[in-house]
Number of protein chains: 2
Amino acid sequence: MVQKKGIGKSQRQTPTIREVARVAGVGVMTVSRVINDHPAVKPKTKKKVLTAIQQLGYERNEAAGLLKGQRAMMIGLIVPDLSDIFFAHCANTIEKLARESGYLTLIVSSGHDVELETQQAELMARRKLSGLLLVTSGTLDVNRIQRVIEGGLPIVAFDRPLEGLGTDAVLIENRAGAEEAVEHLISHGHKRIACVGFDSEAYPVAERVKGYRSAMSAHGLRPYLSMKVDCLEAAMNWVDSARLKQDAPTAVFSTNYRTTVHLLRAFSERKVKIPSEVAIIGFDDFELAPVIAPPVTTVGQSAVDLARRAFRLLLDRIEITGSDVGRSPEKILLPATLIVRESCGAHPRSKKTAEPV
Amino acid sequence: MVQKKGIGKSQRQTPTIREVARVAGVGVMTVSRVINDHPAVKPKTKKKVLTAIQQLGYERNEAAGLLKGQRAMMIGLIVPDLSDIFFAHCANTIEKLARESGYLTLIVSSGHDVELETQQAELMARRKLSGLLLVTSGTLDVNRIQRVIEGGLPIVAFDRPLEGLGTDAVLIENRAGAEEAVEHLISHGHKRIACVGFDSEAYPVAERVKGYRSAMSAHGLRPYLSMKVDCLEAAMNWVDSARLKQDAPTAVFSTNYRTTVHLLRAFSERKVKIPSEVAIIGFDDFELAPVIAPPVTTVGQSAVDLARRAFRLLLDRIEITGSDVGRSPEKILLPATLIVRESCGAHPRSKKTAEPV
DNA sequence: TTGAAAGCGCTAACAA
DNA sequence: TTGTTAGCGCTTTCAA
């Protein structure tokens, strides 16, 4: 796991603490104290050392500390897909906050591979990272993750809980958000409302489906699920088959951005008018939602808030001392907000000022 | 730069190579050889060692290698803004490729801060990373970067060159792409074509503006630049003022995604019809470009290709041995492709099948 | 207030 | 084929 020989050709050798000590005419320990701002050093001595450090261009070797059992000033971030704009925003926020606290951020985009996520978490533990922010793609091996945590790597889950493990977690109120969206459609008189999406095992989607179901059943409406629409082709097929039905849906609740986009495109290809022929609300707000014709009504969640809270929690865990070590895990719930535009058939009077991502 | 004491409470102590040696009844060096797949170990001995490793749950301590002068199996990636979908795609691709080659990826989103970029590059050098992929936001301090490279951190620039430094670089043909777009507009009979954008100092934008200028002057047309449109408000102002003009532009070439989006929205707010009242082509393709009404004509560039080539170059540099060390820097140019849809006033017959990002 | 010595876990160099 | 020794650069004793 470490490169065979990293020595280039003329690797300018960085001076060590020992050389600084020699030049300053003091012991290595004194230099160490100066570097670490230990108070018990006479100002005069300190100055000598500082001068020597300056003169030699000394730089602390991070590796040595690690060997002494310290942790790298790095945090890890594992997400299912970094090219997903939502996670990209999360990553951007986390990296910034981490940097401001002196940490570098190691990012892994797992491609929804649960095994990979576990492996990378283990790898990060071995690299002595300070902490890990984790968005899982499914259920991880509890034992392995438990061992990682016990090995001293604090973990905070966000967007999805870490099942079976009592870790801190920051989650979105997916269910309530979905309920609100479906209720909204119902309040417009829709009775045949389809729920379309894919990847229904994924926690956020599963929660949204639950919200859909509960809203429907609360009004005695029959659910109409279709959870395999993840590309344009699937969307076209779905649109075509749905229109043929006797009781074709008059509205659709899309459980995620990707599905929303493809559905929109499919409707457009088939010249189905939105919202007159079919109304649509999509979970996940997106930048262009207000620009599209018609502007699409969405359920928005703030990636920035989510990331911020998660990082805050992790930092607390990392910096925890003494009595707080065993602090019981915190769960934070963040709202999802219905952003009413036009695709749902409503007049565009936002319940909340539209604020994407 | 290393955390003060990373020791939690019941930190399960990982066994060392020495303990493995004791349990296996061999010398430490033999264990080391086994770990590193050195051939000169009798299969029987090897087996004994492997058993002991298994039994103890031994894990190699990465820090020790660093101290011996090896490099961490990590690469760095510095981009101006990770929440920019283009860079998010780049990051996603790079992280994946890196992981497949055994590297972790440290990502920094600089927020277009040149000083920060330099600092982080230096920090990465100190952390003994294996290599660095860099998208600069401006002109970095050549000396400091030079020192980083000499310190043994190979750097490959992409999307923008590293000015004043002979590093490898992978770039997009921004200028040619812009020229093609403007030529296209001209071929539709447009004469008053505005070039709108912001951040004209940024390399890619600057190149695109050059392309615009050269296409215009090639046809004896007067350029009409407006390089401060970076938000909806600015876009509205621009649209309003442009319409008042005597010779209002009949077409606009937008130099970047953000401007394109806000312009689109501003035109929509002002009920300006596209393309009949004004035609538009935007540099940077985006996922929803075909969905918007009307579908927008763009100049697309492949983030994946860009990232892939850049990583390949970096890996070559990292793995370089002996005679190739001083290999002269490579420059790779990747095409930008005009994707004709409808906002430019053309019939939607793509010169190339639309393939976003 | 300062310093010398003893490692942290590993591998390169040498011996056997 | 295997093992011993001597560090890598730093910090933690403990002593001065």
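Residue numbers start from 1 in every chain, and the chains themselves are labelled A, B, ... in the order their sequence lines are given, proteins ahead of strands.
When side chains are defined from C-beta on, A:Tyr103 counts as touching A:Met73, because their heavy atoms get closer than 4.5 Å. Looking at heavy atoms from C-beta onward, B:Ile35 lies in side-chain contact with B:Ile17 at the 4.5 angstrom threshold. Residues A:Leu314 and A:Pro154 meet the side-chain proximity criterion, which asks for heavy atoms closer than 4.5 Å. The side-chain heavy atoms of A:Asn143 and A:Arg147, taken from C-beta on, include a pair separated by under 4.5 Å. Inter-residue side-chain proximity for A:Val28 and A:Thr16 is flagged as unmet; no heavy-atom pair is nearer than 4.5 Å. A 4.5 Å side-chain heavy-atom check between B:Lys331 and B:Asp168 finds every atom pair outside the cut-off. For the pair B:Ser101/B:Phe311, a side-chain contact is recorded, criterion being any heavy-atom separation below 4.5 Å from C-beta on.
B:Thr30 has a side-chain polar atom (N or O) that falls below the 4.0 Å cut-off from OP1 or OP2 of D:dG3. In terms of phosphate contacts, A:Ser32 brings a side-chain nitrogen or oxygen within less than 4.0 Å of OP1 or OP2 of D:dT11. For B:Arg18 and C:dC8, the shortest distance from a side-chain N or O to OP1 or OP2 is not below 4.0 Å. Residue B:Asn61 has no polar side-chain atom (N or O) positioned under 4.0 Å from OP1 or OP2 of C:dC8.
Looking at the side chain of A:Ala40, the nearest of the listed nucleotides D:dT2, C:dC10, C:dT2 is C:dT2. Of the candidates C:dT2, D:dT4, D:dG3, D:dT4 carries the atom nearest the B:Val28 side chain, counting heavy atoms from C-beta on. Nearest to the side-chain atoms of B:Ile17 among the listed nucleotides D:dT2, C:dT11, C:dG3 stands C:dT11.
Atoms CD (B:Glu62) and P (C:dC8) sit 19 Å apart, rounded to a whole Å. What separates CD1 of B:Ile35 from P of D:dG3 is a distance of 14 Å, to the nearest Å. Following rounding to the nearest Å, A:Gln70 (CD) and D:dG9 (P) show an atom-to-atom distance of 16 Å. Here the P atom of nucleotide D:dT2 and the NE2 atom of B:His38 are 10 Å apart, to the nearest Å. Computed from coordinates, the B:Lys68 NZ to D:dA6 C1' distance equals 8 Å when rounded to whole Å. Going from atom CD of B:Glu19 over to atom P of C:dG7 covers 15 Å, rounded to whole Å. Rounded to whole Å, atom C1' of D:dT11 lies 11 Å from atom CG of A:Leu67. Between B:Arg127 atom CZ and D:dG9 atom P the separation is 18 Å, expressed in whole Å.
Of the two residues contacting DNA chain D, namely B:Pro39 and A:Met29, the nearest-nucleotide position lying further toward the 5' end is that of B:Pro39.
Evaluation of the salt bridge (charged side-chain N to carboxylate O under 4.0 Å, His left out) rule for B:Glu115 yields B:Arg144 as partners, not counting sequence neighbours. Listed by chain and number, the residues in a salt bridge (charged side-chain N to carboxylate O under 4.0 Å, His left out) with B:Glu117 amount to none (sequence neighbours excluded).
Using a 3.5 Å distance cut-off with no hydrogens or angles, the side chains of A:Asn92 and B:Ser109 do pair a donor with an acceptor.
Contacts between residues 43-56 of chain A and DNA chain D, defined by a heavy-atom separation below 4.0 Å, involve no residue at all.
One end of the helix from C:dT1-D:dA16 to C:dA16-D:dT1 points its axis 40° away from the other end's axis, with each axis taken from 5 pairs and the angle rounded to 10°.
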Contact list (N/O, under 3.5 angstrom) for nucleotides 14-16 of chain D vs protein:
none

- request: Output, in order, the C-alpha distance, side-chain angles, deciding distance and verdict of side-chain contact (heavy atoms from CB on, under 4.5 Å) for B:Leu97 and B:Glu100.
  value: CA-CA 5 Å; B:Leu97 294 172; B:Glu100 287 168 358; 4.0 Å; yes
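Counting only residues at least two apart or on different chains, no side chain to side chain donor-acceptor pair (under 3.5 Å) pair has a member in residues 303-315 of chain A.
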